[in-house]
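Please read the structure below before turning to the comments.
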Amino acid sequence: MEHKDTTHFGYREVPVSEKARHVAEVFHSVAGKYDLMNDLMSMGIHRLWKWFTINNSGVRRGAKVLDLAGGTGDLTRKFSEMVGDSGKVVLADINASMLNVGRDRLTDDGVVGNIEYVQANAEALPFPDNSFDCITMAFGLRNVTDKDKALASMYRVLKPGGQLLVLEFSKPADWLAKAYDAYSFHLLPRIGKVITGDEDSYRYLAESIRMHPDQETLKQMMETAGFERTSYHNMTAGIVALHRGYKF
């Protein structure tokens, strides 16, 4: 198979070796206003998407959970309650700025004791095989350079019987596509400029969503990585989908 030297950063082609740096610059820029922008962009609905993900995780007391691309820590906060003192949650993110925001926020709120913070690349997770009962990745996979490599890495560190949940923007229903495009490419960058002073990062966001695999393609990619009983659930007319897969 021919080796590809470039990959997409939004609609731009960039050298594979440079994509991670470009993505890092985006999240360094927006980290401080990340949650505020999520509320504005989704009119608060992102909280319902994440609530649905958590409720489908099957996480119980004593479990070990990896919240990958966990950013500002909203899933980690809830998982910390669910696993209790006998469990553990690892909040991992490749971006130091996002990880710091999450750690500071949770620490300031007294959410401590069973959380570990790790700066990690999803393509080469620094954990032993069969480490976690559940792995979640919310709105992070589309920013990964080699998604197949990342899914294989997640499969490796998941315990047999464990599950992966990937919450990500996806392909909306046809009837919504035109309005969604108008919002994403025209209104969203303007909101980003007003709130964060960064229009380009939110233009990248819109482009990265369009370049991300659709529902069926991502399901097949998970199966190729070894996951079984794979499925997905569309939310908000397919703007977002929750993909699920198990390791047996």
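Because the structure is predicted, anything quoted here is derived from the model rather than measured.
You'll find the side chain of Phe248 reaches within 4.5 Å of the side chain of Arg229, heavy atoms only. By the 4.5 Å heavy-atom criterion applied to side chains, Met154 and Leu125 are counted as neighbours. Side-chain contact check for Tyr180 versus Ile209: some heavy-atom pair is nearer than 4.5 Å.
A donor-acceptor contact shorter than 3.5 Å links the side chain of Asn114 to the backbone of Ser80. Checking side-chain atoms of Thr230 against main-chain N and O of Glu223 turns up no donor-acceptor pair under 3.5 Å. With hydrogens and angles disregarded, no donor-acceptor distance shorter than 3.5 Å links the side chain of Glu168 to the backbone of Ala241.
Between Asp129 and Arg156, at least one side-chain N (NZ, or NE/NH1/NH2) sits under 4.0 Å from a carboxylate O, which counts as a salt bridge. The pair Glu81-Arg77 does not meet the salt-bridge criterion, since no charged nitrogen lies less than 4.0 angstrom from a carboxylate oxygen. With salt bridges taken as basic N to acidic carboxylate O contacts below 4.0 Å, none links Asp133 and Arg60. Using a 4.0 Å cut-off between charged nitrogen and carboxylate oxygen, Asp108 and Arg105 do not count as a salt-bridge pair.
Side-chain contact, Tyr204 with Asn143: a donor N or O sits under 3.5 Å from an acceptor N or O.
Taking the six-membered ring for Trp and thresholds of 30 and 60 degrees, Phe139 and Phe169 have ring planes inclined between 30 and 60 degrees apart.
No more than 12 heavy atoms of other residues, nucleotides or ligands shown are found within 6.0 angstrom of NZ on Lys171.
Atom NE2 in His243 sits 12.0 Å away from atom CZ in Phe227 (nearest 0.5 Å). The structure places CD1 of Ile94 at 4.0 Å from CG of Asn121, a figure rounded to the nearest 0.5 Å.
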